[in-house]
**Q** 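Got a structure for you, written out below as structure tokens; questions coming shortly.
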Amino acid sequence: MNKFKKLFIIIIIFTLSTCCFLYKNSSNVKTLNKQNLTSEEKMYKQYYEVISLLTSEDFGGRLPGSIGNKKTVKMIETKFSSLDLKPLIGDNYLQEYNQSTFTNINASMNIFFPDGKSKKLHYGRDFLDRKVILNLNTHSSITDNIEDLNENTKFLLANENGSLSEYIENSIPEDTIILVKSNYFTKLNRLSDKYPIIQITEAVYDLLSNNSNCEIQMSLSTEKKNIVSNNVLGMIKGTTNNKAVVLSCHFDHVGTWGESLFRGAIDNASGTALFLNLTEDLSNFYKTTKPAYDIIFAAFNGEESGLQGSDYFVKNLSGEYENIYNINLDCIGIKGDDTLVLSGDNSMSMINSLKSWLEKESIDVNSIEGGFTSDHMSFTNAGFSGVNIGQYSVESIHTTDDNIDKIDFKYIDNIKKILYKILTSNLSDFMKENKEIKIANSLKDELKQKRLEESTKIKSSLTLGEYGVFDILGCKYFIEKNSITYDDFNEFKEHYPNLILNNTINNYKLKDISIDYYSPFDKSKKIEFMKSLELNKIYSIDIDTPVIIKNIILKYNTQKDDSYIELILNEGTIDSDNSKILTINKSDYILTYSDKTFNYLFSIGKNISINSNEYALTTQIKKPVVGSTNTLKEFVITITPSIQEDLLQLLESINFSQLTKNIINN
């Protein structure tokens with residue numbers, strides 16, 4: 001063998017060995033998942049690689065608690081370490097916190113035909129619940145006519161999502177399960193509403209439509225559990241440490257359900273890719289100089305399940321700085337959408353400053369107060385400035401159609417470069433002194449109060465089902481009347497004949513009943529919907545006695561003084577760190593205090609479950625309760641369900657007089 005052949009073999013062996021080594025050690029580095037990249041993907045490889053990794057099967061949709069979510073945490077942690085960022089807390093980049101999540105346990109759906117044949121459907125391939133269903137076990141026939149629904153026919157077949165409001169606005173039975181044809185499956189990690197909605201493919205819909213005399217057996221069970229999750233936090237120390245800019249994104253998504261993988265390219269692999277690349281550029285820039293203030297890099301977990309990661313972060317950071325300014329990146333770089341949206345309460349000065357920068361760079365920008373739900377709200381709710389940077393066209397998010405082919409990498413890169421200019425120039429442009437912020441917020445609060453008073457007047461002048469867009473002191477507001485108050489109980493009984501109420505609680509008599517209904521308008525599309533409405537014109541829809549109840553407020557008062565009891569019924573659970581357990585008649589109640597000193601009792605409540613739906617019962621009477629040596633200064637009765645038939649069962653299960661007596665005596 002001549003020396004050239006030997007050299008060639010050595011090169012081949014070395015190359016293969018190197019490839020094997022790289023493959024074996026690539027747990028935190030993702031190679032491109034396809035060989036023939038487009039020219040755009042090659043040009044913006046730094047974004048493509050991150051989004052390709054996060055949306056891959058290995059990461060499984062990044063649901064908190066999942067292996068894919070933990071891999072994401074490790075990937076971001078490794079990136080921070082490679083950039084030599086300073087850990088924000090302790091000696092590592094992880095911030096542990098407790099959060100709730102869901103895990104599917106069992107799901108089955110079988111179709112039985114009259115000839116004795118049957119067909120098994122696959123969860124996530126043929127059908128999927130749109131929101132989380134804790135427990136469902138039903139065997140019945142189907143119909144596409146709401147008038148045919150009865151105790152033997154519980155499945156209602158709907159041909160499109162748009163028709164759901166029509167069904168829901170009609171008085172269909174409580175145990176109805178809606179089967180809706182869907183091109184793409186959607187998944188929201190929150191509990192199902194009154195009527196479970198099961199998405200089915202077009203093929204399944206056609207099969208059921210052509211076999212209307214078949215029966216369906218369906219079983220679903222999901223576990224709600226508490227887990228330990230992590231935010232990933234790093235920082236660059238500034239020359240002064242009384243203020244901080246927090247650059248943030250969320251990296252979690254809704255996971256994999258059965259055979260449906262929710263990749264979350266737009267939401268929010270896009271924002272995470274921008275975040276990591278901007279973090280790298282800022283880290284390199286500030287290696288030779290310090291920023292004016294601390295810059296914190298926060299990759300949040302648990303956004304999809306109620307901003308759980310960012311809420312914990314803000315509560316534990318708020319005492320460290322005089323002021324905090326948050327720039328949050330969520331859903332950026334959507335193909336075909338050239339408008340950037342800046343949104344955030346209490347942050348208009350910061351929004352306007354960012355808008356000015358972006359417009360100078362020829363970016364089409366729309367700024368709104370309030371707007372989209374994302375992690376910036378954890379900051380604004382705590383009184384800090386927070387701005388979310390995103391886009392309008394989010395129809396694909398939380399669907400199986402939210403894939404990497406929806407991403408405009410050039411747009412992401414353009415926004416990153418502009419944010420880099422802002423964060424490496426004069427940070428004071430949008431970080432006003434605390435005194436100026438307080439003055440601005442004071443004026444803003446005064447104007448906000450006036451607008452609130454005016455909007456309340458407009459809302460009170462509307463009748464149930466009326467809505468419109470109104471100009472209130474130079475700001476456009478969408479106002480809808482989706483609540484009604486009854487002081488005539490005969491009228492209430494006409495609408496709700498089966499609901500039995502306690503007319504008195506001790507010496508308190510029922511004064512009035514208010515019912516709030518869920519808005520019939522899609523919140524995600526409300527901004528676009530507002531554009532189609534004529535300003536200051538009143539529109540109306542028919543929601544005569546809607547069945548989707550958000551809450552019921554029963555107000556009781558007494559003739560002796562102005563004290564009163566409110567019973568508020570809506571869905572939810574009591575979740576407080578400032579609580580103790582009180583056992584009454586072998587039943588546990590939750591005592592919630594105003595703070596961790598446990599000196600002042602704020603409310604008394606109970607978590608309950610009805611028809612596999614979870615609710616909370618909390619109690620409070622406003623004004624002193626007379627006649628006891630152990631009088632509570634404030635004592636409230638609040639009940640939280642939302643499904644109409646459940647209200648009756650809930651009320652009948654509670655002896656309010658005995659409950660009041662036992663609580664006061666304790």
**Q** Quick one: CG on Asp375 to CG on Leu329, what's the gap to the nearest 0.5 Å?
**A** 10.5 Å
**Q** Under a 4.5 Å cut-off applied to non-hydrogen side-chain atoms, are Leu233 and Tyr93 in contact?
**A** no
**Q** Does the side-chain contact (heavy atoms from CB on, under 4.5 Å) test come out yes or no for Asp413 and Gln46, once each step is laid out?
**A** CA-CA 10 Å; Asp413 188 58; Gln46 71 272 32; 3.8 Å; yes
**Q** Yes or no on side-chain contact (heavy atoms from CB on, under 4.5 Å) for Phe313 and Phe379, after CA distance, side-chain angles and deciding distance?
**A** CA-CA 9 Å; Phe313 168 84; Phe379 293 86; 3.7 Å; yes
**Q** How many angstroms lie between atom CG of Asp252 and atom CG of Asn268, to the nearest 0.5 angstrom?
**A** 8.5 Å
**Q** What's the separation between atom OG in Ser353 and atom CG in Leu358, rounded to the nearest 0.5 Å?
**A** 9.5 Å
**Q** Between Asp402 (side chain only) and Asp267 (backbone N and O only), is there a donor and an acceptor less than 3.5 Å apart?
**A** yes
**Q** Between Asp58 and Lys71, what is the shortest heavy-atom contact and its length?
**A** O-NZ, 3.6 Å
**Q** Are Asn326 and Ser248 close enough that a side-chain donor and a side-chain acceptor fall under 3.5 Å?
**A** yes
**Q** Hey, are Asn328 and Ser374 close enough side-chain-wise for a donor-acceptor pair under 3.5 Å?
**A** yes
**Q** Please report the shortest heavy-atom distance between Ile51 and Ala273, naming the atom on each side.
**A** CG1-CB, 3.7 Å
**Q** Please check if the number of heavy atoms outside Leu188 that lie under 6.0 Å from its CG is greater than 12.
**A** yes
**Q** Counting only N and O atoms by type, is there a donor-acceptor contact under 3.5 Å from the side chain of Ser385 to the main-chain atoms of Tyr325?
**A** no
**Q** Looking at Lys287, I'd like to know if its NZ atom is crowded, meaning that more than 12 non-hydrogen atoms belonging to other residues, nucleotides or ligands lie closer than 6.0 Å.
**A** yes
**Q** Are Ile404 and Ser52 close enough that some pair of their side-chain heavy atoms sits under 4.5 Å apart?
**A** yes
**Q** What is the minimum heavy-atom distance between Ile236 and Leu282, and which atoms define it?
**A** CD1-O, 4.0 Å
**Q** Would you check if there is a donor-acceptor pair between the side chains of Tyr47 and Asn277 at a distance under 3.5 Å?
**A** no
**Q** Would a distance-only check, ignoring hydrogens and angles, find a side-chain to backbone donor-acceptor pair under 3.5 Å from Gln391 to Asp337?
**A** yes
**Q** Determine yes or no for a side-chain-to-main-chain donor-acceptor pair under 3.5 angstrom, with Thr289 supplying the side chain and Phe285 the backbone.
**A** no
**Q** Does Ile296 reach the side chain of Ile324, with side-chain heavy atoms less than 4.5 Å apart?
**A** no
**Q** When you measure from the side chain of Thr101 to the backbone of Lys225, do you find a donor-acceptor pair of N or O atoms at a distance under 3.5 Å?
**A** no
**Q** Check whether any side-chain heavy atom of Asn98 lies under 4.5 Å from a side-chain heavy atom of Asn226, and answer yes or no.
**A** no
**Q** With side chains defined as the heavy atoms from C-beta onward, is the minimum distance between Thr55 and Asn403 less than 4.5 Å?
**A** no
**Q** Rounded to the nearest 0.5 Å, what's the gap from CZ on Phe80 to CE on Met75? Could you check?
**A** 10.0 Å
**Q** Measure from the side-chain N and O atoms of Arg263 to the backbone N and O of Gly255, and report whether any donor-acceptor pair falls under 3.5 Å.
**A** no
**Q** Please evaluate residues Ile472 and Ile479 with respect to the criterion side-chain contact (heavy atoms from CB on, under 4.5 Å), reporting the C-alpha separation (whole Å), side-chain torsions for both, the decisive distance (0.1 Å), and the verdict.
**A** CA-CA 11 Å; Ile472 303 177; Ile479 300 176; 3.9 Å; yes
**Q** State which residues pass salt bridge (charged side-chain N to carboxylate O under 4.0 Å, His left out) with Glu280; sequence neighbours excluded, sorted by chain then number.
**A** Lys79
**Q** Nearest 0.5 Å, what's the OG-CD1 distance between Ser270 and Ile397?
**A** 10.0 Å
**Q** Might you work through the salt bridge (Lys or Arg N to Asp or Glu O under 4.0 Å) test for Lys417 and Glu361, ending with a clear yes or no?
**A** CA-CA 10 Å; Lys417 289 175 179 175; Glu361 300 289 339; over 6 Å; no
**Q** Provide the closest heavy-atom pair for Arg451 versus Leu473 in the form atom of the first, atom of the second, distance.
**A** NH2-O, 3.0 Å
**Q** Would you please say whether a donor-acceptor pair under 3.5 Å links the side chains of Asp311 and Ser378?
**A** no
**Q** Within a strict 4.5 Å, meaning less than it, do heavy atoms of the Asn323 and Asn242 side chains meet?
**A** no
**Q** Given side chains that start at C-beta, do those of Val73 and Phe251 come closer than 4.5 Å, heavy atoms only?
**A** yes
**Q** Hey, can you pull the donor-acceptor pairs under 3.5 Å for the side chains in residues 297-309, sequence neighbours left out?
**A**
residue : atom : partner : partner atom : Å
Asn301  : OD1  : Asn69   : ND2          : 3.0
Asn301  : ND2  : Asn69   : OD1          : 2.9
Asn301  : ND2  : Asn230  : O            : 3.2
Glu303  : OE1  : His250  : NE2          : 3.3
Glu304  : OE1  : His398  : NE2          : 2.7
Glu304  : OE2  : His253  : ND1          : 3.4
Glu304  : OE2  : His398  : NE2          : 3.4
Ser305  : OG   : Gln99   : NE2          : 3.3
Ser305  : OG   : Gly302  : O            : 3.3
Ser305  : OG   : Gln308  : NE2          : 2.8
Gln308  : OE1  : Ser100  : N            : 3.1
Gln308  : NE2  : Ser100  : O            : 3.2
Gln308  : NE2  : Ser305  : O            : 2.9

**Q** Using a cut-off of 6.0 Å, state whether more than 12 heavy atoms not belonging to Lys315 lie near its atom NZ.
**A** no
**Q** Return the CD1 to CG distance between Ile412 and Leu278, rounded to the nearest 0.5 Å.
**A** 12.5 Å
**Q** Quick one: closest heavy-atom pair of Leu261 and Gly61, and the distance?
**A** CD1-N, 3.5 Å
**Q** Test Asn316 against Tyr97 for side-chain hydrogen bond (donor to acceptor under 3.5 Å, both in side chains), laying out the working first.
**A** CA-CA 11 Å; Asn316 285 273; Tyr97 70 97; over 6 Å; no
**Q** For Met43 and Phe409, run side-chain contact (heavy atoms from CB on, under 4.5 Å): C-alpha distance rounded to whole Å, both residues' side-chain angles, the deciding distance at 0.1 Å, then the answer.
**A** CA-CA 9 Å; Met43 185 177 297; Phe409 300 102; over 6 Å; no
**Q** Check Ile334 against Asp408 and note the closest heavy-atom contact, atom names and distance.
**A** C-CB, 4.3 Å
**Q** Does the side chain of Asn366 pick up a donor-acceptor pair with the side chain of Tyr392 at under 3.5 Å?
**A** yes
**Q** So does Ser343 get a backbone contact from the side chain of Asn388, meaning a donor-acceptor N/O pair under 3.5 Å?
**A** no
**Q** Hydrogens and angles aside, do Asp294 and Tyr321 bring a side-chain donor and acceptor to less than 3.5 Å of each other?
**A** yes
**Q** Less than 4.5 Å apart, side chain to side chain, heavy atoms only: is that true for Thr78 and Ser81?
**A** no
**Q** Okay, side chain of Thr279, backbone of Phe275: is any donor-acceptor separation there less than 3.5 Å?
**A** yes
